[in-house]
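Okay, structure first, notes after.
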Amino acid sequence: TSKEKLKKISKAMSYVLRHRPDTAGLTLAPGGWVAITDLLEAFQRDGKSVSETLLMEVVQDNDKQRFEISDDGLLIRARQGHSAEVDLQYEAAEPPSILYHGTATRFLDSIRQQGLIKGKRHHVHMSVNQQTMLEVAQRHGKPVLLSIASGEMHAAGHQFFVTGNDVWLTDHVPPGFLKVQ
Ligand code: HQG
């Protein structure tokens, strides 16, 4: 299957599983899960025919491993990036001492004042991988990398969560824990 086709389906899945399950007549169960058969039926109603094999190809080939299949193979969810109201049920975890966040230079003044805010998403997204974060940054403009004193934040009582694809999540990063690289 062509990369473009897989990407198009991945985007449609992200839209439903992260932001607007209602547009597909779906509800996210706790954890963000929906039945794979329900998702496939929703696509079919919408005139997009996606087979289960193709869906699995999207999940497996996905560059960022955005989607996760439940252990019993029946359910699917997006690992992170949601704006829809849902409890992803991630357990709090101790972060590495430094994490990175990629952003655009045009946001720096505001970030220096407010810190990193989650906006419409549930969390601020961070990673140990600087390259990944620079790629995220490029979506917004001239990229800049911020380092976050996540170890100090954790010691100060801030909660962190880690997803199955190594994205670290937290509610807010106050300016005092940030450094422009
Ligand atoms: C910035 C993608 C002004 C923040 C990626 C970012 C990621 C502020 C933008 C995931 C700010 C929000 C999330 C403040 C933060 N003032 N701007 N106080 N605080 N910002 O897209 O982190 O490909 O909601 O720096 O891989 O870019 O979709 O967040 O530039 O993991 O799977 O506001 O989305 O994943 O943008 O990206 P976003 P993000 P997918």
Side-chain angles (χ1 to χ4, degrees), residues 3-21 23-24 28 31-34 39 50 55-69 76-90 93 95-96 98-150 152-153 158-181:
K3 288 277 170 229
E4 288 84 81
K5 181 158 189 200
L6 293 177
K7 189 167 172 185
K8 207 170 150 202
I9 300 167
S10 167
K11 282 193 181 271
M13 287 163 61
S14 286
Y15 183 68
V16 170
L17 296 174
R18 291 173 168 178
H19 306 299
R20 296 294 305 274
T23 61
L28 303 184
W33 300 103
V34 308
L39 181 63
V50 179
L55 184 99
M56 289 306 173
E57 193 179 342
V58 173
V59 172
Q60 270 149 28
D61 278 18
N62 200 261
D63 54 352
K64 288 191 194 152
Q65 294 294 302
R66 290 178 180 85
F67 309 104
E68 181 174 5
I69 303 292
I76 185 167
R77 69 168 169 181
R79 293 188 196 266
Q80 72 277 313
H82 300 69
S83 62
E85 196 66 40
V86 65
D87 177 3
L88 294 177
Q89 300 181 320
Y90 284 125
I98 303 288
L99 284 168
Y100 298 94
H101 176 90
T103 191
T105 50
R106 65 194 164 98
F107 296 146
L108 281 178
D109 284 345
S110 166
I111 290 173
R112 283 197 182 96
Q113 288 182 9
Q114 305 179 344
L116 285 172
I117 55 172
K118 57 191 175 181
K120 285 197 194 111
R121 301 195 197 245
H122 288 198
H123 299 100
V124 174
H125 291 217
M126 296 154 293
S127 170
V128 289
N129 188 322
Q130 304 189 32
Q131 188 53 40
T132 310
M133 284 293 112
L134 276 174
E135 284 162 21
V136 169
Q138 268 154 11
R139 291 155 55 242
H140 299 289
K142 186 168 184 283
V144 57
L145 204 59
L146 305 176
S147 65
I148 295 150
S150 37
E152 285 175 31
M153 275 183 72
H158 292 263
Q159 275 201 326
F160 286 79
F161 306 91
V162 63
T163 69
N165 58 345
D166 285 331
V167 174
W168 284 88
L169 306 171
T170 198
D171 197 48
H172 172 228
V173 180
F177 295 104
L178 284 168
K179 239 196 285 184
V180 176
Q181 282 298 96

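Whatever order the structure lists ligands and atoms in, that order sets their numbers, starting from 1.
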Review point. Counting distance only, does the side-chain N/O of Ser83 pair as donor-acceptor with the main-chain N or O of Arg121 below 3.5 Å?
Key: no
Practice item. Count the heavy atoms of every other residue, nucleotide or ligand shown that sit under 6.0 Å from CD of Gln130, and state whether that count exceeds 12. Key: yes
Practice item. Would you mind listing every ring pair (Phe, Tyr, Trp, His ring centres under 6.0 Å) that reaches into residues 162-181, with sequence neighbours excluded? Key: His158-Phe177
Check your understanding: Taking the side chain from Tyr90 and the backbone from Arg79, do they hold a donor-acceptor pair closer than 3.5 Å?
Key -> yes
**Study point:** Under 4.0 Å from ligand 1 - residues by heavy atom, chain and number
**Key:** Arg18, Lys64, Arg66, His101, Thr103, Phe107, Ser110, Ile111, Gln114, Gly115, Leu116, Ile117, Arg121, His125, Val136, Arg139, His140
Study note, to complete from the structure: salt bridge (charged side-chain N to carboxylate O under 4.0 Å, His left out) filter on Lys179, not counting sequence neighbours, yields none
With a 3.5 Å cut-off and sequence neighbours excluded, list the donor-acceptor pairs that the side chains of residues 55-65 form with protein atoms.
from: Glu57; atom 1: OE1; to: Thr1; atom 2: OG1; distance (Å): 2.8
from: Glu57; atom 1: OE2; to: Thr1; atom 2: OG1; distance (Å): 3.2
from: Asn62; atom 1: OD1; to: Gln65; atom 2: N; distance (Å): 3.3
from: Asn62; atom 1: OD1; to: Arg66; atom 2: N; distance (Å): 3.0
from: Asn62; atom 1: OD1; to: Arg66; atom 2: NH1; distance (Å): 3.0
from: Asn62; atom 1: ND2; to: Ser10; atom 2: OG; distance (Å): 3.2
from: Asp63; atom 1: OD1; to: Arg66; atom 2: NH1; distance (Å): 2.7
from: Gln65; atom 1: NE2; to: Gln60; atom 2: O; distance (Å): 3.1
from: Gln65; atom 1: NE2; to: Asn62; atom 2: O; distance (Å): 3.0

